[in-house]
Amino acid sequence: MDRNSNAYTFIFAIILVAVVASALAFAATNLQPAQAENVKQEKMQNILATVGIETTRDSAEALFNKYIVEQVALNDQGKERTDVDAFTVDLKKELKKPVEEQAFPLYVADVEGSQYYIVPLRGKGLWDAIWGYVALKDDVNTIKGAVFDHKGETPGLGAEITQGWFKKRFDDEKIMDESGNFIGVSVAKGYQGGDNKDDNAVDAIAGATITGDGVTDMISERLQRYLPYFKEKTNVKVAMQ
Amino acid sequence: MAQNKESKKQGLILFLSDTEEREGLLGKKNRKLLSDPLTDNNPITVQVLGICSALAITVQLKPAIVMSIAVMAVMAFSNMIISALRNLIPSRIRIIVQLVVVAALVILVDQVLRAYAYDVSKELSVFVGLIITNCIVMGRLEAFALGNGVYKSFLDGIGNAAGYAFILILVAFFRELLGAGKLLGFEVIPESFYEFGYENNGLMLLSPMALITVGIIIWVQRSRNRTLIEQN
């Protein structure tokens, strides 16, 4: 067959595409379970890390079942929803819905007698999505710990939000002011506060202003949705704007 | 016995091209395929290809190393596949065919990493997609694999990826060291330096300094080997 004829070109292209497509489809289907397992274990690892339990991916599931005593999905009024499973809620999809229809997953951890509320976060960084988890102590005001991750932030700059030294800055920060009004925690450029934990701010990363702002927005947007629940559930004073 | 040897030889000739068989697997010419791209025919400093990824991923040493390995795998295999198909590919759609092969391999590498080396795949994140648009990969397919045997193309792929890797790692070494005072994430500049007033150069973390670093490497290389300087 003439290699320059139209018929040959078409047949070659069709065969090539069919072979490549089936090879990729085969690989994707077969690798999918292992990939999903990795993602699930990493999620458990991250949730546990917010309450100070560092684990490997292999032991994440056992420890998760041990320490996480409650998983609930809430609606925007802070009422529990029974129609969704909290762990499988995909925030990426939820954030596209109107607030009234969203599900807000919440994990309750019990570590050596102390209770923590763990809230999943999701927002926008400079290049793509950023997400994370933040654990609140049972006064629902003080942060126990936070974990952040990102899809495509710049290594050395925005991607540093995943690093331990940055996450540590959030420990013991307050999300409300003295009278109980919700403020959140802002990642502040040119922060002068040192180790002050009562100013609702932490020091930003140099060269990662937009990613830092993304973290600020994500914390305040997500956490305020849980205030109705906290107000009802805990004895602590939670004022709402 | 002699017949057996002859048929083995025939099989080898089918796989390799005629000249390769005469040269031996790592003959002088084949060795040159591996060593040339490291120095006098380096894809980054001499051909000035693949600059985009050299700018993007050299902030830290670790992603640069992982990227180099991924590029090496993709280049070796895409070169081999295109070389094996070289007598079948219709010349009018050869670029599309090359692109499909490269894209398929990149996706495959990404999927496998995500399933079996999850931590590494997270490290790569955005970079793995960049391999598809890497000019060196397409350049070698077009310039070498379409005209040479499978084994030679494999060596050429490895050689060029190694040349790319060498520059990438060199640039990343200086950028991470001077920009963050670390190597592979470990602090290497002693605390006492900072006490004496040494400061990390934040400029090194920004893309322009990657370009300048590559420029300095090109300068050093051309001043050592004057035959590389273009005569207009």
Side-chain angles (χ1 to χ4, degrees), chain A residues 1-42 45 56-58 125 127-129 149-160 162-165 205-208, chain B residues 56-64 66-67 81 85-94 96-119 121-127 129-130 172 175-176 179-180 182 185 200 202-207 210:
Chain A
M1 204 169 178
D2 178 15
R3 269 215 292 148
N4 288 318
S5 72
N6 284 345
Y8 180 84
T9 309
F10 272 114
I11 292 169
F12 185 89
I14 290 168
I15 294 174
L16 178 80
V17 169
V19 169
V20 166
S22 36
L24 288 184
F26 179 77
T29 348
N30 281 299
L31 296 173
Q32 217 275 329
Q35 292 171 352
E37 186 64 22
N38 283 337
V39 172
K40 186 179 138 196
Q41 284 171 346
E42 195 202 17
Q45 239 182 327
T56 59
R57 251 185 304 126
D58 294 328
W127 302 113
D128 214 315
D149 208 342
H150 65 97
K151 189 170 172 200
E153 300 308 297
T154 321
L157 300 172
E160 297 285 295
T162 59
Q163 299 291 311
W165 56 263
I205 303 168
Chain B
I57 62 164
T58 49
V59 177
Q60 288 172 336
L61 207 47
K62 199 171 162 191
V66 178
M67 178 75 167
I81 292 171
L85 294 175
R86 71 186 186 279
N87 294 324
L88 297 172
I89 299 173
S91 58
R92 273 187 295 172
I93 58 163
R94 65 180 198 287
I96 302 173
V97 173
Q98 290 163 14
L99 207 56
V100 169
V101 169
V102 174
L105 281 171
V106 169
I107 296 170
L108 214 56
V109 166
D110 187 37
Q111 293 286 327
V112 170
L113 285 180
R114 239 181 253 186
Y116 299 113
Y118 190 66
D119 302 318
S121 88
K122 284 196 60 122
E123 200 61 43
L124 271 171
S125 60
V126 282
F127 312 136
L130 277 173
R175 286 184 75 192
E176 193 176 356
K182 297 177 186 171
N200 288 327
L203 202 60
M204 286 303 282
L205 297 176
L206 304 175
S207 306

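Every chain is numbered from 1 and lettered A, B, ... according to where its sequence line falls, protein lines coming before strand lines. Scope of the values below: all heavy atoms of this structure, side chains included, with no hydrogens, waters or symmetry mates.
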Subject >> Residues which pass salt bridge (charged side-chain N to carboxylate O under 4.0 Å, His left out) with B:Arg92, listed by chain and number, not counting sequence neighbours >> reply: none
**OP:** Quick one: which of A:Thr9, A:Val20, A:Asn4 has the most heavy-atom pairs under 4.5 Å with chain B, could you say?
**Re:** A:Thr9
Subject >> Closest non-hydrogen atom pair between B:Leu108 and A:Ala27, with its separation >> reply: CD1-CB, 3.5 Å
Subject >> B:Ala180 portion near chain A, given a 4.5 angstrom heavy-atom threshold >> reply: neither
Subject >> Part of A:Gln41 lying under 4.5 Å from any heavy atom of chain B >> reply: neither
**OP:** Verify side-chain contact (heavy atoms from CB on, under 4.5 Å) between A:Leu31 and B:Val112, making sure each step is shown before the conclusion.
**Re:** CA-CA 7 Å; A:Leu31 296 173; B:Val112 170; 4.0 Å; yes
Original post:
Among A:Asp149, A:Thr154, A:Asp128, A:Val17, which residue forms the greatest number of heavy-atom pairs with chain B at distances under 4.5 Å?
Top reply: A:Asp149
**OP:** Under 4.5 Å heavy-atom distance to chain A, tell me which part of B:Ile57 shows up: side chain, backbone, both or neither.
**Re:** neither
**OP:** Could you tell me whether the side chain of B:Tyr118 and the main chain of A:Ala34 form a donor-acceptor pair under 3.5 Å?
**Re:** no
Original post:
Which atoms of B:Ile89 come close to chain A, meaning under 4.5 Å heavy atom to heavy atom: side chain ones, backbone ones, both, or neither?
Top reply: both
**OP:** May I ask you to test the A:Phe10-B:Ile93 pair for a side-chain heavy-atom distance under 4.5 Å?
**Re:** no
Original post:
Using non-hydrogen atoms only, which part of A:Glu42 is less than 4.5 Å away from chain B: side chain, backbone, both, or neither?
Top reply: side chain
